[in-house]
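As the structure lists them, so they are numbered: ligands from 1, and atoms in each ligand from 1.
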Amino acid sequence: MNPMDYIRKEPYELFINGKRVTPEEKATFQAINPVNNEPFATIYKAGRKETEAAIDAARYAFDKGPWGKMSPRERGDLLLKAAELLQERLEEFAAVETMECGKLYGSAYYYDGAKSVDALKYYAGAARCLKGEVVPIDNDTVNMVQYYPHGVVGEILPWNGPFMMGCQKIGAILAAGNTCVVKPSSWASLTMLMFAELLKEAGFPDGVVNVVTGSGAVVGDILVKSEKVDMVAMTGGTATGKAIIESSKDTVKDIALELGGKSPNIVFDDVNVDEAVKWAKFAFTLNSGEVCVSGTRLILQRGIYEEFLEKLKAECEKAVPGDGFDPDVTLSALIHKEHCDEVWRYIESGKKEGARLICGGEHYTDPKLQKGNFVPITVFADVTPDMTIFQEEIFGPVLCVTPFDTEEEAIEIANGTKYGLAGGVFTKDMKRGLRVAQAIKGGQIYINSYFSKGMVESPGTGWKQSGLGVAGIKKYMISKTIFIDTKDGDVPF
Ligand code: NAD
């Protein structure tokens with residue numbers, strides 16, 4: 001396979017109202033391969049005019065088009081067709097994702113790809129399982145609670161896993177009956193443009209899914225502030241989430257935010273150390289640490305502290321960095337030079353603040369790796385809660401290890417940041433495992449594994465500053481309660 005065969009030579013247009021659209025100003029940006037920092041595709045950048053055209057298209061499709069008249073079963077059938085088409089073209093999507101994000105191809109195909117298809121199938125079924133409630137408030141009244149689509153949803157995506165997250169979110173948006181304007185990250189826009197065209201091929205009416213590429217400051221901001229957009233959902237950093245809370249306030253629209261994390265992974269000293277070491281490494285190095293739920297703070301009981309660190313170092317040093325298309329490579333490049341520089345700044349801050357460097361922390365010297373955004377797996381031990389690397393999300397393959405003695409101390413350390421996204425507990429004592437899992441402030445906790453079990457049917461909500469709003473299909477729906485009086489009689493009071 002030559003991945004460049006999947007890339008168009010001409011610039012990628014926006015996708016609005018079922019058509020490719022060239023923006024009036026013809027401004028462009030580049031898709032850049034993180035492995036060598038070479039541009040490999042050109043993408044048009046939307047301005048206000050195109051963003052508003054996309055919103056109008058989604059508005060029309062929701063208010064007046066055939067979409068609003070379709071039954072949940074019909075919407076589900078279209079999603080199933082999309083899943084089938086995506087399965088046929090998975091190699092293409094996974095190759096483009098690998099080139100754009102620097103991912104391992106195997107992971108882009110078998111993990112992100114498989115989960116994308118699965119999400120579309122799941123939401124096809126979920127559309128048909130939508131239900132309301134009847135509340136028995138008194139004997140003379142039938143009180144129905146119904147769930148409606150919001151209308152037009154602005155979906156703003158991040159760059160890590162853009163293809164999988166896009167499919168999961170668009171699947172839920174459509175199953176619920178909304179239309180949408182999708183704004184992918186400028187560092188990873190191609191797969192969503194491809195996906196919008198695939199949805200048209202699957203039979204989705206024009207205007208139901210529009211993709212507008214460009215900056216958060218222009219496209220994202222217009223979506224958030226527009227009175228014609230009923231809801232905005234954003235997955236990204238906590239700082240961006242706070243900016244959206246601020247800029248959405250004049251329209252009082254519904255917002256849902258899936259934000260950053262700094263998740264704790266607590267390991268007690270009764271574990272099988274060799275096995276727990278492998279999980280601990282997996283937890284913070286998957287996708288080179290560019291995963292929101294990464295277990296980036298290892299909270300390690302003192303009895304096994306040095307033995308664990310030694311074994312973890314040996315495990316981390318096995319990583320093979322390189323091009324994600326090479327099947328021998330196990331450590332991918334980070335998405336962008338700017339982000340890579342930021343990760344290096346955190347590594348320097350860890351050294352300056354006095355954390356003990358166990359492995360990594362120095363630039364690769366291999367000439368083959370000099371052009372790409374490579375960071376070796378880096379482990380800092382003796383990290384204390386006052387250090388920047390303990391508190392802030394780094395979003396790279398960097399682990400902070402902190403020792404503890406008692407269960408209470410472990411929980412206090414675990415809950416000691418502003419984030420509350422995920423967490424892990426490793427112990428043979430299941431009573432303790434459950435107790436600790438319940439005490440960790442976070443929306444997704446794993447006992448004796450990490451992350452690999454997460455499926456689209458299990459909601460993961462962000463606690464504290466890791467998010468706002470519920471997960472899954474209900475996120476994209478709004479309730480209405482209707483009271484029917486069954487008795488003739490006087491008006492009370
Ligand atoms: P980001 O916050 O920089 O950008 C996210 C999106 O918001 C992008 O499309 C960006 O263009 C847009 N944006 C930026 N400013 C905006 C504004 N003022 N108004 C509207 N839109 C704006 O995040 P990122 O760097 O792309 O992604 C990494 C972050 O995403 C990490 O913090 C990670 O933890 C988080 N994330 C969270 C989850 C989750 O489920 N909680 C999942 C994946 C990623």
Residues, nucleotides or ligands: over 12 heavy atoms within 6.0 Å of K441 NZ: no

Candidate with minimal heavy-atom separation from atom 41 (N) of ligand 1, of V182, L259, T240: L259

Of the protein's non-hydrogen atoms, which lies at the shortest distance from atom 7 (O) of ligand 1, and what is that distance? I156 CG2, 3.3 Å

Is there at least one pair of N or O atoms, one from E393 and one from ligand 1, spaced under 3.5 Å apart? yes

Any N or O on L157 sitting closer than 3.5 Å to an N or O of ligand 1? yes

Using heavy atoms and a 4.0 Å limit, tell me yes or no: is H339 in contact with ligand 1? no

Going through the checks in order, is the side chain to side chain donor-acceptor pair (under 3.5 Å) test met by N287 and N160? CA-CA 9 Å; N287 202 31; N160 68 319; over 6 Å; no

In this structure, atom 5 (C) of ligand 1 is nearest to the protein heavy atom T235 O, 3.6 Å

Looking only at non-hydrogen atoms, find the nearest pair between K253 and L223 and report the distance. NZ-O, 3.7 Å

Has ligand 1 got any nitrogen or oxygen that is less than 3.5 angstrom from a nitrogen or oxygen of W159? yes

Would you call E348 and R345 a salt bridge, taking side-chain N to carboxylate O under 4.0 Å as the test? no

Subset of ligand 1 atoms that lie under 4.0 Å from at least one heavy atom of S185: 9 (O)

Given V218, V21, V182, V219, the one that forms side-chain contact (heavy atoms from CB on, under 4.5 Å) with V212: V219

Enumerate the atoms of ligand 1 whose separation from the nearest heavy atom of M165 is less than 4.0 angstrom. 42 (C), 43 (C)

From the candidates G220, G236, A239, the one that places a heavy atom nearest atom 30 (O) of ligand 1: G236

Going by the 4.0 angstrom heavy-atom rule, the piece of F395 near ligand 1 is side chain

Between E52 and R48, does any side-chain N to carboxylate O distance fall below 4.0 Å? yes

Identity and separation of the nearest protein heavy atom to atom 36 (N) of ligand 1: C292 CB, 3.6 Å

Option of least heavy-atom distance to atom 27 (O) of ligand 1 (set: A188, G241, A422, P158): P158

Considering both backbone and side-chain atoms of A243, is one of its nitrogen or oxygen atoms within less than 3.5 Å of a nitrogen or oxygen in ligand 1? no

Under 4.0 Å between a side-chain nitrogen and a carboxylate oxygen: does that hold for K475 and E258? yes

Of all heavy-atom pairs linking L120 and C167, the shortest is CD2-O, 3.9 Å

Any side-chain heavy atom of W279 within less than 4.5 Å of one from S452? yes

From the options G216, G462, P184, G260, select the one whose nearest heavy atom is closest to atom 13 (N) of ligand 1. G216

Nearest protein heavy atom with distance in Å, relative to atom 44 (C) of ligand 1: N160 OD1, 3.2 Å

Cation-pi between R297 and F390: NZ/CZ under 6.0 Å from ring centre and within 45° of the ring axis? yes

Check: K183 N/O within less than 3.5 Å of ligand 1 N/O: yes

closest protein heavy atom to atom 23 (O) of ligand 1 is G237 N, 3.3 Å

For residues H150 and M477, report the shortest heavy-atom separation together with the two atoms involved. NE2-O, 3.4 Å

Residue L421 vicinity, atoms of ligand 1 by number, heavy atom under 4.0 Å: 41 (N)

How far apart are the C-alpha atoms of K371 and E38, what are their side-chain angles, what is the distance that settles it, and do they pass the salt bridge (Lys or Arg N to Asp or Glu O under 4.0 Å) test? CA-CA 9 Å; K371 285 165 89 185; E38 285 170 12; 3.1 Å; yes

